[in-house]
Amino acid sequence: DAGITQSPRHKVTETGTPVTLRCHQTENHRYMYWYRQDPGHGLRLIHYSYGVKDTDKGEVSDGYSVSRSKTEDFLLTLESATSSQTSVYFCAISRSGGAPDTQYFGPGTRLTVL
Amino acid sequence: AQSVTQLDSQVPVFEEAPVELRCNYSSSVSVYLFWYVQYPNQGLQLLLKYLSGSTLVKGINGFEAEFNKSQTSFHLRKPSVHISDTAEYFCAVRGGSEKLVFGKGTKLTVNP
């Protein structure tokens, strides 16, 4: 298994509070991604990073920000959580951003916003 | 831009029966195709991928998929399923500089 951990694994929070999810990798892969998974929608890309301090938006980036200060860590922040952000969040990594490159996924974080 | 359609949201089968999970894609460029599996309460795991060459791709756990360019399909098959194959399966496509795009998933339930 790819060395990817996510923390916390479960979190319950209230509307309007800030939340930060962490993804940590031990593979030294250049690319890191944050997805959300919702029933009937599959996985949708939130943000991704192609290097330290290099990030870009995905399909559903509104309400989310990211930061990457070290190769191994990629943080996802919900500045003011809303109920629509209740979801399962997955981090993924890949060696390069090339189209044939495989993405490897972490175990996920289940976030509930009340 | 790419898109993926998984034609069945749920597929129930009996143990030891064959199964086919259907995936169609659209793209204006050459694509790379992937199947991932997600077991309950786990992350996604790569089953197999098509990059180029032989259109029949073999993956882990006895699964295989066939790339059909003319029909823009990448259906996943297994000749005999086990209870342990119960999971959700995602087809994904990527082409050029585009991002990996996932289908909405197919839940496979294998009954005894």
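Residue numbers start from 1 in every chain, and the chains themselves are labelled A, B, ... in the order their sequence lines are given, proteins ahead of strands. Computed from a prediction, not measured in an experiment: that's the story for all the values here.
Looking at Leu43(A), the atoms closer than 4.5 Å to chain B (heavy atoms on both sides) sit in the backbone and in the side chain alike. The parts of Leu44(B) that come within reach of chain A are both its backbone and its side chain, each placing non-hydrogen atoms under 4.5 angstrom from that chain. For a residue to count as touching a neighbouring chain, one of its non-hydrogen atoms must lie under 4.5 Å from one of that chain's; by this rule Gln38(B) touches chain A with the side chain only.
Residues Gln103(A) and Tyr36(B) share a closest heavy-atom pair of O-OH, 2.8 Å.
The choice from Arg9(A), Gln6(A), His41(A) that makes the most heavy-atom pairs within less than 4.5 Å of chain B is His41(A).
Leu47(B) and Leu56(B) fall into different hydrophobic clusters, where Ile, Leu, Val, Met, Phe, Trp and Tyr side chains are chained together by heavy-atom contacts under 4.5 Å. Val101(B) and Val37(B) fall within a single hydrophobic cluster, where Ile, Leu, Val, Met, Phe, Trp and Tyr side chains are chained together by heavy-atom contacts under 4.5 Å. By the criterion of side-chain heavy atoms lying less than 4.5 angstrom apart, applied directly or through intervening Ile, Leu, Val, Met, Phe, Trp or Tyr residues, Phe63(B) is not grouped with Leu51(B); the two fall into different hydrophobic clusters.
Interatomic distance, Arg44(A) CZ to Lys104(B) NZ, rounded to the nearest 0.5 Å: 9.0 Å.
When the ring pair (Phe, Tyr, Trp, His ring centres under 6.0 Å) test is applied to Phe34(B), no partner is found at least two apart in sequence or on another chain.
Counting heavy-atom neighbours within 6.0 Å of Glu14(A) CD, excluding the residue itself, gives a total of 12 or less.
Residues Tyr32(B) and Thr102(A) form no side-chain contact, since every pair of their non-hydrogen atoms from C-beta on lies 4.5 Å or further apart. Within the 4.5 Å cutoff, the side chain of Tyr48(A) has heavy atoms near those of the Lys99(B) side chain.
Listed by first then second residue, pairs satisfying salt bridge (Lys or Arg N to Asp or Glu O under 4.0 Å) with a partner in residues 89-112 of chain A number zero, not counting sequence neighbours.
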